[in-house]
Number of protein chains: 2
Amino acid sequence: MKDLPVEIQPEMCKVTDALGILVGKWKPVILLHLLNSGTQRFNELKRSLPGITQKMLTNQLRELEEEDIIERKVYAQVPPKVEYSVTEYGRSLEPILHAMHEWGAKHTIHKQSKKHNQAEAK
Amino acid sequence: MKDLPVEIQPEMCKVTDALGILVGKWKPVILLHLLNSGTQRFNELKRSLPGITQKMLTNQLRELEEEDIIERKVYAQVPPKVEYSVTEYGRSLEPILHAMHEWGAKHTIHKQSKKHNQAEAK
DNA sequence: ATCCACAGTATCCTTTTCTATACTATACCA
DNA sequence: TGGTATAGTATAGAAAAGGATACTGTGGAT
């Protein structure tokens with residue numbers, strides 16, 4: 001998703017900013033996983049996210065790190081050890097994620113009852 | 001953004017569902033505009049969203065309509081008249097949008113102070 | 001000597017999203 | 001008779017996101 005022109009309305013752009021951080025095929029899942037399970041190593045995450053490629057995982061983690069949502073801690077060891085965790089600041093997203101989860105759950109029901117009504121109307 | 005495998009975690013998928021509705025370069029702007037300004041005709045919207053193409057506007061409006069977030073009302077006239085408005089149900093997204101706006105605003109500040117700190121640390 | 005685990009890069013390719021531009025029908029107005 | 005406004009559709013192409021696969025370095029175990 002590319003950026004919107006800032007001119008449109010100052011207020012709107014803040015929403016898109018927030019959205020930008022959550023957008024990406026794997027970002028919400030990674031975040032929720034780290035919130036649930038706490039600190040995780042790279043390969044632990046990878047194993048928990050069936051289907052993700054290493055490239056994507058690295059890439060999404062880096063983007064979240066950029067925004068100070070998660071933290072990356074490298075241990076000077078061989079084989080390497082890198083731990084990821086949600087920052088204190090990152091936790092401020094929790095209420096939003098929670099609200100979205102609630103809304104999403106209701107929406108699933110809403111769509112089903114809509115379908116049902118349409119079927120009845122025939 | 002493609003769908004995530006449902007297997008990962010039921011909880012997570014609801015967040016992505018909600019996100020899916022807001023995702024699209026112009027969807028949040030369109031929604032916020034309709035929430036602020038009430039019912040709008042196609043070309044009114046177009047004029048309020050500098051840079052959007054007709055195709056994109058149609059397309060994003062259709063996707064929001066699909067999800068029952070907005071309503072499309074066609075008047076049998078020539079030249080055509082079509083009005084768009086947020087549904088009662090669509091308004092249930094307002095708290096989330098509001099929360100994202102608030103968070104986005106704080107995030108802008110957060111990023112700036114981070115930059116500032118980094119500059120100082122040199 | 002060979003293989004494994006770890007945390008990545010690098011490269012190429014496909015799919016999805018977004019943009020640009022041209023085109024449609026029809027009533028009304030000058 | 002030609003031009004305007006409305007709400008679109010059609011087509012082609014560029015750009016961005018995501019996927020598949022192969023490769024890297026290194027210490028320890030077999």
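Convention: sequence-line order gives letters A, B, ...; per-chain numbering from 1.
- With rounding to whole Å, A:Met56 atom CE is found 11 Å from D:dA16 atom C1'.
- An OP1 or OP2 oxygen of C:dA27 is reached within less than 4.0 angstrom by no side-chain nitrogen or oxygen of B:Tyr75.
- Scanning atom types as modelled, one donor and one acceptor separated by under 3.5 angstrom connect the side chain of B:Lys55 and the base of C:dT19.
- Look at NZ on A:Lys81: it is 13 Å from P on C:dG8, rounded to the nearest Å.
- Rounded to whole angstrom, the span from the CZ atom of B:Arg62 across to the P atom of D:dT9 amounts to 5 Å.
- One side chain, B:Glu67 or A:His107, offers a donor N or O that lies under 3.5 Å from an acceptor on the other.
- Using a 4.0 Å cut-off, no side-chain N or O of B:Arg41 falls inside it from OP1 or OP2 of D:dT6.
- Listed for the A:Ser85 side chain is no donor-acceptor partner under 3.5 Å among the backbone atoms of A:Gly38.
- Under 4.0 angstrom from either OP1 or OP2 of C:dG8 there lies at least one side-chain N or O belonging to A:Arg72.
- As a whole-Å value, the separation of A:Trp26 CH2 from D:dG18 C1' is 10 Å.
- Distance, A:Glu65 CD to C:dA7 P: 15 Å, rounded to whole Å.
- Computed from coordinates, the B:Lys73 NZ to D:dT6 C1' distance equals 18 Å when rounded to whole Å.
- Heavy-atom minimum distance, B:Lys27 versus B:Glu63: NZ-OE1, 2.7 Å.
- Nearest nucleotide to the A:Pro80 side chain, out of C:dA7, D:dG18, D:dA10: C:dA7.
- You'll find that the side chain of A:Pro79 is closest to C:dA5, out of D:dA20, D:dG8, C:dA5.
- Between the CG atom of A:Asn59 and the C1' atom of D:dA20 there is a distance of 15 Å, given to the nearest Å.
- Here the C1' atom of nucleotide D:dG28 and the CD atom of A:Gln77 are 13 Å apart, to the nearest Å.
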> Are A:Ile30 and A:Tyr84 close enough, and set up right, to give a side-chain contact (heavy atoms from CB on, under 4.5 Å), and what steps lead you there?
Replying inline: CA-CA 10 Å; A:Ile30 291 171; A:Tyr84 291 93; over 6 Å; no
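- For B:Phe42, taking side-chain heavy atoms from C-beta onward, the closest of the listed nucleotides C:dT19, D:dT26, D:dA7 is D:dA7.
- When each of A:Thr53 and A:Val78 is assigned the nucleotide of DNA chain D with its nearest heavy atom, A:Thr53 is the one assigned upstream, toward the 5' end.
- A salt bridge does not link B:Arg72 to B:Glu83: none of the charged side-chain nitrogens sits closer than 4.0 Å to a carboxylate oxygen.
- Residue A:Asn43 places its side chain closer to C:dC6 than to any other of C:dC6, D:dA7, D:dG18.
- Note on A:Lys25: a side-chain N or O is less than 4.0 Å away from OP1 or OP2 of D:dG19.
- Residue B:Glu83 is the one, among B:Glu83 and A:Gln54, whose nearest nucleotide of DNA chain D lies closer to the 5' end (criterion: closest heavy atom).
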